[in-house]
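What follows is a short report on a single structure.
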Amino acid sequence: MSEKIKVTLPDGSVREYAVGSSSMDVALSISEGLARNVLVAKVNGEIWDAGRVLPTMCTLQLFTWNDAEGKATFWHSSAHLMAEAIESLYPGTKFGIGPPIDNGFYYDVDFVDQRISSEDFDILENKMKELAAQNNAYERSEVSKADAIKYFTEKQDPYKLELIVGLNDGEITFYQQGNFVDLCRGPHIPDTGKIKAIKLLTVAGAYWRGNEKNKQLTRIYGITFPKQKELTEYLEFLEEAKKRDHRKLGKELELFMFSEKVGGGLPIWLPKGTMVRERLEKFMRTLQTERGYQQVITPHIGRIELYKTSGHYDKYGADSFQAIKTPNEGEEYFLKPMNCPHHCEIYKSKPRSYKDLPLRLAEFGTVYRYEQSGELNGLTRVRGFTQDDAHLFCTAEQIKEEFIKVIDLVIHVFKRLGFENYTAQISLRDPENKSKYIGSDENWAKAESAIIEATAERDMKTETVLGEAAFYGPKLDFMVKDAIGRSWQLGTIQVDYNLPERFELEYIGKDNLKHRPVMIHRAPFGSMERFIAILIEHCSGNFPLWLSPEQFIILPVSEKYHEYAQNVLSFLNNNDIRGLVDERSEKVGKKIRDAEVSKVPFMLIVGEKEAAEQSISVRKHGAGDLGTLSLEAFTDYFNKALAE
RNA sequence: GCCGAUGUAGCUCAGGGGUAGAGCGUUUCCUUGGUAAGGAAGAGGUCAUGGGUUCAAUUCCCAUCAUUGGCUCCA
């Protein structure tokens with residue numbers, strides 16, 4: 001009988017170790033540095049504690065902080081550490097769940113009759129640091145269901161007991177570090193000593209098991225790192241995000257506003273914001289016209305019957321803005337929550353032939369949805385917003401090609417706006433819960449395969465998620481990464497076999513018989529409001545030159561040069577360059593500062609010298625003095641910058 | 001919608017049971033200037049709204065509205 005176990009490493013090599021060896025022993029045999037950094041392992045495809053004894057034959061992969069698995073485990077263990085600190089400071093606290101998340105971890109706890117706020121974070125953080133420094137090992141133990149129930153009954157923790165009830169005997173494990181024992185599947189990092197930098201971030205309410213009928217627990221979010229430096233960097237990232245917040249910049253740059261009197265979630269576009277938005281709309285309109293879309297305009301309200309036909313009334317009517325009544329008995333109108341029903345009526349306005357298809361109807365359509373009050377957020381979640389909407393009516397055979405064309409359009413738009421980093425999410429139906437959706441199995445299958453094939457053909461990075469489809473069809477959502485690495489969901493393309501059915505849309509085919517068209521909904525920006533919010537944060541308020549509300553500002557050195565400044569202004573305006581003159585009686589230094597703060601791309605300084613030689617002194621935002629140029633030379637320079 | 005926080009001048013914020021303060025901005029005057037803040041004087045607030053407690057409420061209590069951190073939701 002061999003006294004050795006066989007371990008296959010990711011590079012395919014097989015090594016032998018003594019029986020009873022752990023992943024940590026394997027790491028140590030490779031290098032001491034690796035052993036120091038190893039946080040967790042994957043053994044035969046299952047994620048394991050690095051200290052756990054390996055089976056006689058296994059494949060092994062080791063994870064450190066540089067791996068997603070390593071980070072998740074690190075944060076999961078940090079959640080336990082926080083729980084230990086909470087238990088020691090607030091005895092009697094009941095614990096819910098404490099998982100890792102994308103950036104850190106949280107723990108849902110029930111403080112019973114105590115209250116905790118972010119003011120208590122210091123003391124809690126310090127306790128965590130103290131416990132971390134004890135270097136306690138995270139120890140795994142297998143526990144019978146009966147013992148597990150006994151333990152948490154004595155501890156009087158109803159949440160853990162509820163979790164245990166749902167587990168199978170023989171599959172229950174506890175983890176202990178220091179004096180804290182938790183029900184947990186694991187795995188965990190070797191010891192608390194690895195957690196060097198700790199920051200608690202926010203406290204919030206969260207329902208037990210995400211169900212609003214359950215008790216609301218206190219959720220504490222935190223983040224930890226193996227090095228202090230990484231925490232510092234992360235906190236700087238949070239600061240940067242705060243600086244870019246579109247709500248802050250929108251106010252400072254006078255792009256948009258909200259008014260309590262107008263109503264929550266109803267954005268009001270100020271002149272500068274309107275300039276940005278109109279330019280974006282024009283940009284999109286031009287692209288669409290080139291691609292065979294036809295622009296339409298439909299009313300903001302429609303008779304209730306329209307939405308009964310579309311199905312939106314049954315699905316959302318009760319939770320929407322309520323019907324608008326007229327002096328006529330029984331006559332009711334709805335604020336439109338979607339543009340598609342109107343577009344279906346345009347389709348129906350005359351008989352259609354297969355020769356008319358695809359019919360592409362586009363509209364910057366403003367829609368109104370009564371979002372829950374707690375959901376409203378800046379421009380990203382509002383109650384009235386404008387979609388860059390279009391509906392493509394086509395034959396089943398045309399779906400894939402149309403889909404590909406839309407993908408190409410969306411990618412073109414993203415690139416033009418500086419979003420180089422994007423992926424797509426394919427949202428399919430949840431096969432376990434078909435009752436949530438309308439439409440036949442056959443149609444769903446067709447639509448889903450069209451999306452999958454189209455994305456494959458364009459070689460897109462995609463992720464497929466079951467259960468995320470709209471109720472009427474599957475969809476493809478684009479996610480972009482912004483300049484500081486955050487992911488946002490933007491444009492969407494959705495196949496819809498349902499509305500053509502409900503509106504009884506038809507076309508006459510080559511065979512002279514009636515057929516049902518398919519509809520594709522698509523919105524590259526999604527909504528103008530949300531898109532501009534994301535764009536503001538992406539570029540930190542420094543819009544690309546072509547979108548900038550003011551492309552330049554002329555700064556006369558003194559009042560004597562106002563007349564020359566006006567001449568420069570009309571010259572540039574005549575060359576399609578937009579801007580204004582700062583005629584305040586301030587020193588140039590002050591005018592420059594104000595222009596820099598308001599992020600105007602070019603400052604054009606004019607004084608005695610410039611007036612005499614018909615030139616301008618050019619200063620670029622964030623870059624400084626570019627020297628003196630003739631008006632023509634600046635126009636050339638500007639137009640080159642515009643094309644970049 | 002639910003839990004927590006917040007709401008004071010145009011903006012950012014301090015204050016506090018006896019009807020309010022700073023900085024920036026704005027207005028006027030002086031200054032007419034050269035690449036990130038020249039000087040002086042003034043105006044500006046039913047302290048979110050509605051109730052209640054109190055001799056007295058902007059301050060304490062309740063409700064509403066709005067904003068915000070989360071949860072749930074998202075055509």
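Lettering of chains follows the sequences in order, A, B, ..., and the numbering in each one begins at 1.
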Q: Taking only the side-chain nitrogens and oxygens of A/N377, find out if one of them lies under 4.0 Å from OP1 or OP2 of B/G69.
A: yes
Q) When rounded to the nearest Å, what value does the distance between P atoms of B/C55 and B/U64 take? A) 28 Å
Q) Would you say B/G33 has OP1 or OP2 under 4.0 Å from some side-chain N or O of A/K560? A) yes
Q: Measure from the side chain of A/Q372, starting at C-beta and using heavy atoms only, and say which of B/A36, B/U68, B/U72 lies closest.
A: B/U72
(Q) So A/Q216, base contact, sugar-phosphate only, or nothing? Heavy-atom distance under 4.0 Å. (A) base
Q. Taking the side chain of A/K251 as its heavy atoms from C-beta onward, which of B/G7, B/G70, B/U12 lies nearest to it?
A. B/U12
(Q) Ring centres within less than 5.5 Å and planes less than 30° apart: is that true of A/F258 and B/A66 in this structure? (A) no
(Q) Is the distance from the ring center of A/F105 to that of A/Y221 below 6.0 Å? (A) no
Q. Quick one: does A/E610 reach the base of B/G34 with a side-chain donor-acceptor pair under 3.5 Å?
A. yes
**Q.** Span that lies between the C1' atom of B/U46 and that of B/U8, in whole angstrom
**A.** 12 Å
Q) Nearest of B/A36, B/A66, B/G34 to any side-chain atom of A/E260? A) B/A66
(Q) Just checking A/E608: does its CD atom have more than 12 heavy atoms from other residues, nucleotides or ligands closer to it than 6.0 angstrom? (A) no
Q) Aromatic ring centroids of A/F525 and A/F531 under 6.0 Å? A) yes
Q: Pick base, sugar-phosphate or nothing for A/G264, based on heavy-atom distances below 4.0 Å to the nucleic acid.
A: sugar-phosphate
Q | Salt-bridge criterion met for A/E586 and A/K591 (N-O under 4.0 Å) | A | no
Q. Considering only side-chain heavy atoms of A/V597, which listed nucleotide, B/A66, B/U72, B/A36, is closest?
A. B/A36
Q.
For A/H246 and A/F256, take the angle between the two ring planes, folded into 0 to 90°, and tell me which bin it lands in: parallel under 30, tilted 30 to 60, perpendicular over 60.
A. tilted
Q.
Within the 4.0 Å heavy-atom criterion, would you say A/G622 contacts the bases, only the backbone, or no part of the nucleic acid?
A. nothing
Q | Spacing of the C1' atoms in B/G17 and B/C13 (rounded, Å) | A | 23 Å
Q. Quick one: the side chain of A/R381 and the base of B/C74, do they pair up donor-acceptor inside 3.5 Å?
A. yes
Q) Can you check whether A/Y107 and A/F95 have ring centres sitting under 6.0 Å from each other? A) yes
(Q) Nearest heavy atom decides the nucleotide; on that basis, is A/L376 or A/R369 closer to the 5' end of RNA chain B? (A) A/L376
Q: For A/A470 and for A/R584, find the nucleotide of RNA chain B with the closest heavy atom, then tell me which residue's nucleotide is more 5'.
A: A/R584
Q. Base, sugar-phosphate, or nothing: which does A/V557 touch, judged by heavy atoms less than 4.0 Å apart?
A. base
Q. How is A/E252 classified with respect to the nucleic acid when contacts are heavy atoms under 4.0 Å: base, sugar-phosphate, or nothing?
A. nothing
Q) Between B/A36, B/U32, B/G7, which one does the side chain of A/R619 approach most closely? A) B/A36
Q: Look at the side-chain N and O atoms of A/T202 and state whether any lies under 4.0 Å from the OP1 or OP2 oxygen of B/G70.
A: no
Q | Flag side-chain contact, heavy atom, 4.5 Å: A/V568 against A/L631 | A | yes
Q: Return no unless some side-chain N or O of A/Y207 is found under 4.0 Å from OP1 or OP2 of B/U72.
A: no
Q: Go through B/A75, B/U67, B/G1 for me and flag the one nearest to the A/Y316 side chain.
A: B/A75
Q. So, do A/Y422 and A/F478 have ring centers that fall under 6.0 Å from each other?
A. no
Q.
With rounding to the closest Å, how many angstrom separate the C1' atoms on B/A36 and B/U28?
A. 26 Å
Q | A/S585, nearest nucleotide to its side chain (from B/U67, B/G69, B/G33) | A | B/G33
Q: Using the C1' atom on both, measure B/A9 against B/U19 and round to a whole Å.
A: 16 Å
Q: Please measure how far the C1' atom in B/G50 lies from the corresponding atom in B/C65, and state the result in whole Å.
A: 10 Å
(Q) So if I take every side-chain heavy atom of A/K590 and compare against B/U72, B/A37, B/C65, which nucleotide ends up nearest? (A) B/A37
**Q.** salt_bridge(A/R584, A/D594) N-O dist < 4.0 Å
**A.** yes
Q) Is a donor-acceptor contact shorter than 3.5 angstrom present between the side chain of A/Q489 and the base of B/C74? A) no
Q: Can you tell me, in whole Å, how much space there is between the P of B/G42 and that of B/G69?
A: 41 Å
Q | Nucleotide nearest A/R383 (side chain, heavy atoms from C-beta), chosen from B/A75, B/G33, B/G1 | A | B/G1
Q) Does CZ in A/R303 sit with more than 12 non-hydrogen atoms of other residues, nucleotides or ligands closer than 6.0 Å? A) no
Q: Pick the C1' atom in B/U59 and in B/G7, then give their distance to the nearest Å.
A: 14 Å
Q) RNA chain B: stems of at least 3 consecutive Watson-Crick or G-U pairs, cut-off 3.5 Å? A) B:1-7 with B:65-71, B:10-13 with B:21-24, B:26-30 with B:38-42, B:48-52 with B:60-64
Q: Output yes when at least one side-chain N/O atom of A/R247 is less than 4.0 Å from OP1 or OP2 of B/U67, else no.
A: no
Q.
Measuring to OP1 and OP2 of B/A75, would you say a side-chain N or O of A/R502 lies under 4.0 angstrom away?
A. no
Q.
Would you say A/Y221 places a side-chain N or O within less than 4.0 Å of OP1 or OP2 belonging to B/G4?
A. no
Q) Of all the choices, B/C71, B/U68, B/A36, which nucleotide is nearest to the side chain of A/R219 once you look at every atom? A) B/C71
